[in-house]
Each structure stands twice: as structure tokens, then as C-alpha cells.
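Single-structure report; data block below.
The figures that follow rest on heavy atoms only: side chains count, while hydrogens, waters and symmetry mates do not.
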Amino acid sequence: MKTLKKIAVATTLAAIATSALAHRQWILPSTSILSGEDQWISVEAAISNNLYFPNHHAIALDNITVLGPSGQELEKQSTAQGKIRSTFELQLEASGSYRIFSGRAGMFASWEEDGERKRKRGSAEEFAAMDLASMDKLQLRENASRVETIVTSGAPSEIAVSGTGLEFEFITHPNDLFTGEPASFRVLLNGEPTAGVEVTFVQGNDRFRNEAGDQTLVSDENGLVEIEWPQAGRYWINASSSIAGGDFHGVPLERSASYTLTVEVLPE
């Protein structure tokens with residue numbers, strides 16, 4: 001009976017501690033750093049309440065792209081998409097760094113019509129074709145998000161920035177992370193260094209801690225953020241930004257962007 005009570009208390013504490021972590025997206029490789037030729041890894045992708053335990057919803061396989069070291073798109077092997085997670089395997093034939101990511105961009109509108117609140121999601125092209133100016137009490141938002149992980153086989157290669165949305169310029173390579181060695185990233189918004197962006201990082205396996213241990217930093221005037229890892233493990237890193245004062249075909253537009261990265265930190 002005492003054991004059951006302890007489990008119940010621990011479960012309650014864990015639920016309280018991780019309530020702030022609800023519905024976080026992640027892509028997790030079985031390992032991030034490999035040596036040798038013709039290596040294979042497995043990958044999980046999910047949206048969950050705990051890192052990295054699938055317990056809410058899968059990230060659709062069709063939304064996940066894999067780019068090899070030379071930028072070519074690679075095929076996902078042994079694919080399976082369930083309700084709470086997606087999985088696949090990946091063959092790493094060439095030496096260098098591989099990008100595995102899910103990107104999404106879209107718009108959302110809400111307005112009043114005949115006394116009722118209407119809502120719509122869609123692409124910029126769909127909204128451009130609508131008579132937005134005639135909509136009563138219109139609220140228009142645009143969001144771009146990217147969820148990513150990076151895997152290196154052999155010697156790491158350069159990771160180019162896209163210049164679109166919110167992303168990191170890697171001053172420290174994401175597959176060269178160790179405790180006792182601070183890592184530096186530059187936050188970019190549409191290719192430009194951006195100050196004042198909040199960057200949150202937290203170690204995975206939060207299900208087994210009473211306190212999740214989120215830490216939040218803010219990018220400096222040069223867009224730089226320096227992270228000191230408290231211990232080895234897998235980490236979830238997220239940056240988000242809101243941009244006010246936008247315009248879309250003469251209608252006020254709120255813009256937001258987010259970037260999420262999973263990395264592996266090794267012992268010193």
C-alpha cells in the first residue's frame with residue numbers, strides 16, 4: 001500500500017512539474033554521432049507531454065525531410081506512422097552532417113459573421129484570394145515553425161542557414177557538444193541576427209524528475225546565445241519570436257516563428 005501511495009504521489013508531482021511542457025514537438029535519432037562507413041540510425045518523431053516519451057500525437061512522416069551532407073534529399077526507410085509517434089530508419093552512406101526536420105508555415109484568421117465567430121486555417125495564397133478587408137473584427141496571424149535534429153557520421157560538415165523563418169546559425173557544431181564546454185548559437189530571423197529572442201533548453205527524460213529544470217536565455221544584441229550544459233544527455237532547445245506591425249494585402253498581420261532542436265551532449 002505504501003508503495004502504491006508513493007507511486008501516486010510521484011505521478012502527481014511529475015504531472016505538475018511537466019505541465020509547462022505540454023505538447024512539445026521533437027525529432028529524436030537513436031544516436032547523433034557515428035564513425036565508420038555505411039551506418040544506420042532509427043528516428044522517432046512525436047508531439048508529447050514528456051521528453052522524449054511519445055504520449056500524445058505523431059508528427060506526420062510526409063512532413064519530415066532528410067537532407068544529406070551535400071544537401072540532397074534522402075529516402076526514409078522502414079517507415080511507420082502510428083497515433084502517438086512516427087518512426088523510420090536512415091542509412092548514412094556519406095561522411096558528414098545530416099539534417100532531419102519538419103517545417104510548417106501557415107496562416108490563421110478569425111472574424112465575426114452574422115454574430116458568430118468564424119475561424120479558418122490555410123496558406124497565404126488562400127487568404128490572398130479572400131476579401132479580407134470586408135471581414136468584421138478580423139484577426140490575422142501567420143506562423144512558421146521548424147523542428148529539427150542533426151546527425152553526423154564521421155567528420156562534421158558545415159550546416160548552412162536557409163535565411164527563412166527562425167533558425168540557428170551554429171557557431172558550435174550541434175554534434176560537438178560536451179559538458180564543461182559552453183556552446184554558442186546565433187539566432188536568426190529571416191537570415192538576420194535577432195536580439196531579445198527567448199531560447200529555452202531542458203534535458204529529456206523529465207518524466208523521471210519532480211522538476212523539469214527548464215532554463216531560458218535571451219539572445220544578445222548580436223543574436224548570440226551561449227548554453228552551459230548542466231550534465232550529459234539529450235536536450236530539447238526551443239526559440240520563439242513574435243513580430244507585430246505586419247501587413248498582408250492591406251490588413252494588419254501578426255507574425256510568429258519558432259525553432260526547435262534536439263541535441264545530444266556527451267560527458268566531458
Side-chain angles (χ1 to χ4, degrees), residues 20-21 24-29 31-35 41 51-52 65-71 95-103 144-206 212-243 256-268:
L21 306 183
R24 291 186 169 180
Q25 301 186 62
W26 46 268
I27 299 175
L28 180 69
T31 185
S32 299
I33 306 166
L34 304 99
S35 60
I41 61 168
L51 301 169
Y52 292 96
T65 300
V66 180
L67 299 181
S70 61
S95 176
S97 300
Y98 294 71
R99 307 188 75 158
I100 307 169
F101 63 90
S102 171
S145 64
R146 185 181 180 102
V147 182
E148 183 167 42
T149 193
I150 296 169
V151 175
T152 293
S153 179
S157 53
E158 182 181 356
I159 302 169
V161 298
S162 68
T164 302
L166 198 65
E167 60 185 330
F168 286 169
E169 178 184 8
F170 296 107
I171 310 303
T172 305
H173 195 284
N175 297 135
D176 190 26
L177 306 177
F178 298 89
T179 57
E181 298 181 11
S184 297
F185 309 116
R186 179 174 282 112
V187 181
L188 305 179
L189 181 60
N190 296 328
E192 297 296 327
T194 304
V197 176
E198 289 192 348
V199 177
T200 298
F201 68 101
V202 60
Q203 190 177 12
N205 292 344
D206 55 285
D214 294 47
Q215 297 187 51
T216 299
L217 306 171
V218 178
S219 59
D220 67 14
E221 64 273 14
N222 298 311
L224 285 173
V225 170
E226 186 176 89
I227 298 177
E228 295 186 9
W229 313 106
Q231 60 187 43
R234 289 160 164 163
Y235 283 82
W236 184 89
I237 309 172
N238 174 264
S240 59
S241 178
S242 297
I243 310 101
S256 61
S258 66
Y259 177 77
T260 301
L261 177 71
T262 288
V263 298
E264 200 171 44
V265 179
L266 300 181
E268 187 175 5

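Here the side chain of Thr179 pairs a donor or acceptor atom with the backbone of Glu268 at under 3.5 angstrom. Looking at His173, its side chain never comes within 3.5 Å of a backbone N or O of Glu158 through a donor-acceptor pair. Under the 3.5 Å distance criterion, the side-chain polar atoms of Ser219 are matched with a main-chain donor or acceptor of Val197. Judged purely by atom type and a 3.5 angstrom limit, Asn175 uses its side chain to pair as donor or acceptor with the backbone of Ile150. For the pair Thr172 (side chain) and Ser184 (backbone), a donor-acceptor distance under 3.5 Å is present.
Counting heavy atoms from C-beta outward, Asn222 and Pro193 have side chains that stay 4.5 Å or more apart. Side-chain atoms of Gln25 and Val147, non-hydrogen and from C-beta on, do get closer than 4.5 Å to each other. Put simply, the side chain of Ile227 does not reach to within 4.5 Å of the side chain of Leu177, judged on heavy atoms. No side-chain heavy atom of Tyr98 sits less than 4.5 Å from a side-chain heavy atom of Ile41. The shortest distance between side-chain heavy atoms of Ile27 and Thr262 does not fall below 4.5 Å. Contact of the Leu28 side chain with the Thr149 side chain is not registered, since no non-hydrogen atoms from C-beta on lie closer than 4.5 Å.
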What's the verdict on side chain to side chain contact (heavy atoms under 4.5 Å, CB included) for Arg24 and Val202, showing C-alpha distance, side-chain angles and the deciding distance? CA-CA 11 Å; Arg24 291 186 169 180; Val202 60; 3.4 Å; yes
Is there a side chain to side chain contact (heavy atoms under 4.5 Å, CB included) between Thr31 and Glu264? Walk through the geometry before answering. CA-CA 8 Å; Thr31 185; Glu264 200 171 44; 3.9 Å; yes
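From Asp206, atom CG reaches atom CG of Asp214 across 8.0 Å, with rounding to the nearest 0.5 Å. Considering CG of Asn238 and CG of Leu166, their distance stands at 8.5 Å, rounded to 0.5 Å. To the nearest 0.5 Å, the span separating OG1 on Thr260 from CD on Glu148 amounts to 10.0 Å. With values rounded to the nearest 0.5 angstrom, Phe168 atom CZ is found 6.0 Å from Ile237 atom CD1. The CG atom of Leu189 lies 10.0 Å from the OG1 atom of Thr164; values are rounded to the nearest 0.5 Å.
The two atoms that bring Gly233 and Gln203 nearest to each other are CA-NE2, 3.6 Å, heavy atoms only. Taking all atoms of both residues into account, the shortest heavy-atom contact from Pro69 to Ser95 is CG-O, 3.6 Å. The shortest heavy-atom contact between Arg234 and Pro29 is NH2-O, 3.3 Å.
Checked against Leu261 for a side-chain contact (heavy atoms from CB on, under 4.5 Å), the options Phe170, Tyr235, Phe101 give a single hit: Phe170.
For Trp236, there are no side chain to side chain donor-acceptor pair (under 3.5 Å) partners two or more places apart in sequence or in a different chain.
A side-chain donor-acceptor contact under 3.5 Å links Thr216 and Thr200. The closest side-chain donor-acceptor pair between Thr152 and Ser97 falls under 3.5 angstrom.
Around CD of Glu198, the count of heavy atoms belonging to other residues, nucleotides or ligands within 6.0 Å does not exceed 12.
The salt bridge (charged side-chain N to carboxylate O under 4.0 Å, His left out) pairs that include a residue from residues 167-191 are Glu169-Arg186, where partners are two or more places apart or lie in different chains.
Using bins of under 30°, 30° to 60° and over 60° for the plane-to-plane angle, the ring pair Trp229/Phe201 lands in the perpendicular bin.
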